Amino acid sequence: MAQLVDAQITLINTMSGSILDRAGVKAKFDVFPEQIIDYLALVGDTSDNIPGIDKVGPKTAAKWLNAYHSLDGLLSHAAEVPGKVGENLRAGLDTLALSRQLATIRTDLELPLDGAGLKRREPDVPRLRAIYGRLELRSLLQQLEANAARDNAAAAMASESAAPSAAAPSAAAPSAVAPSDIAPSDIAPNAALLSDPVAARLASLPREYETISDYAQLAHWCEALKRSALFAFDTETTSLDYLNTEIVGVSFCIEAGHAAYVPLAHDYAGAPSQLDRARVLEALRPLLEDPSLPKLGQHLKFDMHVLENYGIALRGQRFDTMLESYVWNSTATRHDMDSMAAHYLGLRTIHFEDVAGKGAKQIGFNQVSVERAAEYSAEDADVTMRLHQTLWPRLEAAPRLAQLYRDIEQPLVPVLQRMERRGVLIDRAMLQTQSGELLLRLRELEALTHREAGAAFNLDSPKQLQQILFERLGLPVLRKTPSGTPSTGEDVLEELAANFPLPKLILEYRGCAKLRSTYTEKLPEQIDPVTGRVHTSYHQAVAATGRLSSTDPNLQNIPIRSAEGRRIRQAFIAEPGHSLLAADYSQIELRIMAHLSGDEGLLRAFAEDRDIHQATAAEVFGVALDQVSLEQRRSAKAINFGLIYGMSAFGLARQLGVARGAAQSYVDLYFARYPGVRRYMDATREQARREGYVETVFGRRLYLPEIRSRNRAMQQYAERSAINAPMQGTAADIIKRAMITVDRWCQDEQVPARLIMQVHDELVLEVRTDFLAQARIEVGARMNGAAQLAVPLKVEIGSGPNWDQAH
DNA sequence: GTGGCGTCC
DNA sequence: CAGAGGGACGCCACT
């Protein structure tokens, strides 16, 4: 028994707390299922015999469910919990998970009235059925039906002619039951499951897809495309690598339900003969290059690249369903076609994996049978048209969103395509030299560390490092990771470094290892052998706030803060006779805060072009501008950034290493000096609660339904997002507008300058060196003119032979 | 695939 | 009373 109590106390000490009311330990904190599993493993499976543990029931399960981001993770953990506690837990989760799914769906139904949530996934009916097989799914499925019906009704109202035909007749819209009101009794057990109306609807969709196998048929379609008001098209390719991919087929859709696939390069053994790719592309060229012939697609930037590989310049792209969905609601669904079809149309489309397989067994699209490829590809074009028919009327009904779409997101597509295609020149030899140097240093540090630790271990393994630091050497545990293990993060090691020698070595090791693995080793591998440059992908529909993101390689997280890191930037160079020009917006988010809040003090500071952190320090600490100490300026800077991120006094205290009370007094002083900022923040939170969303200066919306959550953590997270999103999002809008005008200048005037990178508040151009002086002026003017705010924008421009020296 | 960590704005 | 800083991507270890 003593052992049991010890184990329990150990458990309590190693995690955030315990629900177990035993041995004088108060039930104070939450325990999560994986911790129960650990616990039971520790004490042996005596769960039914431990007083108190059987109290884990629906109520506790509800707390866990609310706290977990991943329902799947929670369910899989719950499945492993043995004994009575497991039974109770699973019963509670079944009920609660289903009601949460219902709440999720319900929220989606009421768009745009209620808004949607962060990173919300589609309800996966087959999976729900598997999990809740013993439960009746009628109410859930009814809501899915009603969802489609209402969407279509709304679309029909907004645009009679554009109403899609996919509407399923359905009962009236669901009554407005608050999620929490869905009691367990509403979900009656029923062994006989309903048929799946979602799958059924897919099968019953009116569709006529044809496969084009002769030139007369092709000519017929080309004529129809030419006469159409709008057509959707899609290219099928051998690879997602946009520079090194071949066209396997193309598909078209003019009218929902009618689509055609043109197989061109299916080359498996026994493939039917197909039309000649070059000849078909030449027939399509005049259509695709005609700017007055409007086109629709899903992620057209990719198709632009693919066509450019064949010398075809896509013009006249008018609509892109990926961007329509993103502008409509950046978080209600992911913006790939399969997700959108499920979300907006209630359709389960044929996925790429369905026809090509997945993992190591995946085949190229050229190996897919023409029959299956035709179904898949024609459906893509068809569904693209259907999505557009439901999305565009919604956007037009919300004029600011339509304007954001027309003025910013759609025109940005060709700009990004050109940036990607141009690529960035990298000095491979320089990176390889650095890699060698880093490797030597890493080996030294490894030897020193092992000697100091008295044991050999893998420095790259946080788990092994935890054991060495906190078990073998007994260093104090200063912070724990979310999963309850002792953290070895940078801030912890910094603090430990004051009293112990090892953490400092590990910090240097980590820094070098990061530089080598992520940058000096990987970047050279990503240089295209043909162009000698790296060609990133900018993603336009990923970040909830409107920012771009970059992958393969990510050019938006190249080091800059440390001297060692900046050497990486020296390898970003320009071609002979050219230089890099880097132009970044100075303090753009704080300027936007001044604009949005209208705070007089802040407006004045920017109007007078003050050093904003210094000016803030002078106000907060009540000293003259020239009396502000470096320490005061540092504090003010932390306050300013904290405000942008919705940070609390607690967080500020930790950041600054001061007492919480001191941090609180800084915050109070700040708000006393800048009362407009506090008013703005209160008003923003209030608007988010009232409307369900916040918006940027240019009308971009971010929906935050969690701001009404009864779960405090989620609600506060939503509040921080509400504060941050208008500033971060407006900055994104502004730089996108700047990119469009800068690119237009590059294109129209045939100047020797090209946009090559964007890093959130910075644009990088490759400019012929003799043209630098003029480029500075032209780029600066366009960036400055990208928005008219109540404060001036400020752009800082530098240039040099490499990215480091351009700053 | 997930968690921990680290890079950027 | 607990929690406590927004948005991304990528590497490594580990399962």
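All chains are named by letter (A, B, ...) in the order of the sequence lines, taking the proteins before the strands, and each is independently numbered beginning at 1. Only heavy atoms go into these numbers, but all of them, side chains included; no hydrogens, no water, no symmetry mates. Keep in mind that what you see is a predicted model, and the values were worked out from it rather than measured.
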Name the nucleic acid region contacted by [X], choosing base, sugar-phosphate or nothing; use a 4.0 angstrom heavy-atom cut-off, strictly under.
X        : result
A/Gly642 : nothing
A/Asp584 : nothing
A/Ile723 : nothing
A/Arg516 : nothing
A/Glu762 : nothing

Could you tell me if the ring centre of A/Tyr674 sits under 6.0 Å from that of A/Tyr670? yes
Hey, is the side chain of [X] poking within less than 4.0 Å of OP1 or OP2 on [N], counting only N and O atoms?
X        : N      : answer
A/Ser461 : C/dC14 : yes
A/Ser550 : C/dA8  : no
A/Lys463 : C/dC12 : no
A/Arg561 : B/dC9  : yes
A/Ser549 : C/dC9  : yes
A/Tyr538 : C/dC9  : no

B/dG6 base to A/Glu490 side chain: any donor-acceptor pair below 3.5 Å? no
Is it the case that B/dC5 (base atoms only) and A/Arg510 (side chain only) share a donor and an acceptor within less than 3.5 Å, ignoring hydrogens and angles? no
Closest to side chain of [X], choosing from [options]:
X        : options              : value
A/Arg712 : C/dC1, C/dC11, C/dG6 : C/dC1
A/Ser648 : C/dC12, B/dC5, C/dA4 : C/dA4
A/Thr488 : C/dC12, C/dA4, B/dG4 : B/dG4
A/Arg569 : B/dC8, C/dG6, C/dA8  : B/dC8
A/Gln716 : B/dT7, C/dG7, C/dG3  : C/dG3
A/Thr518 : B/dC5, C/dG7, C/dC11 : C/dC11

Please list, by residue number, the residues of residues 552-559 of chain A whose heavy atoms come closer than 4.0 Å to an atom of DNA chain B; answer none if no residue qualifies. A/Gln556, A/Asn557, A/Ile558, A/Pro559
Rounded to whole Å, please give me the gap between [atom1] in [X] and [atom2] in [N].
X        : N      : atom1 : atom2 : value
A/Lys522 : C/dC9  : NZ    : C1'   : 14 Å
A/His760 : C/dG6  : NE2   : C1'   : 12 Å
A/Leu523 : C/dC11 : CG    : P     : 10 Å
A/Asp460 : C/dC14 : CG    : P     : 9 Å
A/Gln526 : C/dC11 : CD    : P     : 7 Å
A/Asp761 : C/dG7  : CG    : C1'   : 13 Å
A/Glu525 : C/dG10 : CD    : P     : 14 Å
A/Arg547 : C/dC9  : CZ    : C1'   : 13 Å

Cationic tip of A/Arg660 above A/Phe650 ring, under 6.0 Å, 45° of axis: no
Any chance you could lay out the side chain to side chain contact (heavy atoms under 4.5 Å, CB included) test for A/Ser586 and A/Arg591, step after step, and finish with the verdict? CA-CA 9 Å; A/Ser586 170; A/Arg591 287 170 194 266; 4.2 Å; yes
Short N-O contact, [X] and [Y], less than 4.0 angstrom:
X        : Y        : answer
A/Arg441 : A/Glu446 : no
A/Asp611 : A/Arg633 : yes
A/Glu719 : A/Arg689 : yes
A/Asp733 : A/Arg700 : yes

Report the C-alpha separation of A/Leu590 and A/Ile588 in whole Å, then their side-chain angles, then the decisive distance to 0.1 Å, and conclude whether the side chain to side chain contact (heavy atoms under 4.5 Å, CB included) test is met. CA-CA 6 Å; A/Leu590 283 172; A/Ile588 189 166; over 6 Å; no
Using the P atom as the point on both nucleotides, what is the distance between C/dA4 and B/dG4, in whole Å? 15 Å
Suppose you measure atom C1' in B/dC5 against the same atom in C/dG3; what distance do you get, rounded to whole Å? 22 Å
Angle class for the A/Tyr693/A/Tyr703 ring planes (parallel below 30°, perpendicular above 60°, tilted otherwise)? perpendicular
